[in-house]
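Chain letters run A, B, ... following the sequence lines, proteins first and then strands; every chain starts at 1. Just so it is clear, the model here is predicted, and its values are computed rather than measured.
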Amino acid sequence: MLSIALYITLALVVMALLMNLYRLTIGPSLPDRVLALDTMYVNSIALIVLLGLWLNSKTYFESALLIAMLGFISTVAVCKYILRGDIIE
Amino acid sequence: MPERLMPGGVMSGVIEAVISLLLVAGGIFVFIGSLGMAHLRDFYMRLHGPTKATTLGIGCMLIASMMYFWSVDGKPDIQEMLITLFLFITAPVSAHLLAKSGLHLRLKHADKTQGKPVELRPEEVGDKPVPHPDKGHG
């Protein structure tokens, strides 16, 4: 039962990543693309968690934590750049 | 899926059912969030999907992963809770900053979207605060 659930969830997350890529490609404005990249970070964390379940190992959760932190910091930096024209005033 | 994942008897059927349910629910929520971001019409609508549905979905998946490793190893692990907590704290902050940058760039929006940029004060859309003509700022 768990393996079937894992297959279904993997398919859903990969489809979500493809839709993020679509929005990142066509996104008409800059905040759209930033939003798509932020969502891609979160979805790749989901993919890493599913990889940890698949391989039955907890090795990859540090990288998931690292990706979460980097995604948040980069989103904040780009938003500050859009708002103020500068990151550190 | 390797067989060692299911070392018969270690994981009871109820725990396995709960983990599977949480995983599928998380996948569906993540999918709905990205579908909203790909499909809705203006930026302010598209902001709703990833900030709420995707955050809930990744929380469901991380809790499922924590329950799985708890039931396999016999002791709980703090890392998944740490990732969940971090994502739940940072998602509203980045959504707020993205909404502010969208208002600052005065993006086009559908007619049904409420809250026009002209109704907001300049410092709310990221501009420098302007002093009030008769009182002064602050």
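Remark: A:Leu53 CG to B:Ile19 CD1 distance equals 8.0 Å, nearest 0.5 Å. Atoms CD1 and OG1, on A:Ile45 and B:Thr84 in that order, are 10.0 Å from each other to the nearest 0.5 Å. Annotation: the span from B:Ser20 atom OG to A:Ile8 atom CD1 amounts to 9.0 Å, rounded to 0.5 Å.
Closest non-hydrogen pair, B:Ser65 versus A:Phe61, comes out as OG-CZ, 3.3 Å. Of all heavy-atom pairs between A:Lys58 and B:Gln79, the closest is O-OE1, 4.2 Å. Here the closest heavy-atom approach between residue B:Leu98 and residue A:Cys79 is recorded as CD2-SG, 3.7 Å.
Of the listed residues B:Leu21, B:Thr51, B:Asp77, B:Leu82, the one with more heavy-atom pairs under 4.5 angstrom with chain A than any other is B:Asp77. Ranking B:Asp73, B:Leu23, B:Leu47 against chain A, the residue ahead of the rest is B:Leu23, based on heavy-atom pairs under 4.5 Å. Of the listed residues A:Leu65, A:Val14, A:Val13, A:Leu30, the one with more heavy-atom pairs under 4.5 angstrom with chain B than any other is A:Leu65.
Heavy atoms closer than 4.5 Å to chain B are found in the side chain of A:Leu50, but not in its backbone. At a 4.5 Å heavy-atom cutoff, the contact between A:Phe72 and chain B is made by side-chain atoms alone. For B:Leu87, the part sitting under 4.5 Å from any heavy atom of chain A is the side chain, from C-beta outward, and nothing else. Proximity to chain A (any heavy atom under 4.5 Å) is shown, for B:Ala99, by neither the backbone nor the side chain. There is no contact between A:Ala11 and chain B, counting heavy-atom distances below 4.5 Å. At a 4.5 Å heavy-atom cutoff, the contact between B:Phe43 and chain A is made by backbone and side-chain atoms alike. The contact between A:Met69 and chain B is made by backbone and side chain atoms together, counting heavy-atom distances below 4.5 Å.
The neighbour count for A:Ile4 CD1, taken as heavy atoms of other residues, nucleotides or ligands under 6.0 Å away, does not exceed 12. Within a 6.0 Å sphere centred on OH of A:Tyr81, other residues, nucleotides and ligands contribute 12 heavy atoms or fewer. Within a 6.0 Å sphere centred on OH of A:Tyr22, heavy atoms belonging to other residues, nucleotides or ligands number 12 at most.
Considering only residues two or more places apart in sequence or on other chains, B:His96 meets the side-chain hydrogen bond (donor to acceptor under 3.5 Å, both in side chains) condition with none of them. With sequence neighbours left out, B:Ser94 forms a side-chain hydrogen bond (donor to acceptor under 3.5 Å, both in side chains) with no residue at all.
Under the 4.5 Å side-chain heavy-atom criterion for grouping Ile, Leu, Val, Met, Phe, Trp and Tyr, A:Val49 is connected to B:Ile63 within one hydrophobic cluster. In this structure, B:Trp70 is not a member of the same hydrophobic cluster as A:Leu55, with clusters built from ILVMFWY side-chain heavy atoms closer than 4.5 Å. Residues B:Met66 and A:Ile48 fall into different hydrophobic clusters, defined by Ile, Leu, Val, Met, Phe, Trp and Tyr side chains chained together at heavy-atom separations under 4.5 Å. Taking hydrophobic clusters as Ile, Leu, Val, Met, Phe, Trp and Tyr residues chained together by side-chain heavy-atom distances below 4.5 Å, A:Leu21 shares a cluster with A:Val42. Grouping the Ile, Leu, Val, Met, Phe, Trp and Tyr side chains by contacts below 4.5 angstrom, directly or via other members, places A:Leu47 with A:Tyr7.
Residues A:Leu35 and B:Pro50 are in side-chain contact: their nearest non-hydrogen atoms beyond the backbone lie under 4.5 Å apart. Contact of the A:Thr75 side chain with the B:Leu97 side chain is not registered, since no non-hydrogen atoms from C-beta on lie closer than 4.5 Å. A heavy-atom distance below 4.5 Å is found between the side chains of A:Asp32 and B:Arg46.
Contact residues of residues 52-61 of chain B toward chain A are B:Thr54, B:Ile58, B:Met61 (heavy-atom distance under 4.5 Å).
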For residues 24-37 of chain B, please give each side-chain donor-acceptor pair under 3.5 Å, one per line with the distance, not counting sequence neighbours.
unit_1: B:Ser34; atom_1: OG; unit_2: A:Asn20; atom_2: OD1; d: 3.2
unit_1: B:Ser34; atom_1: OG; unit_2: A:Asn43; atom_2: ND2; d: 3.3

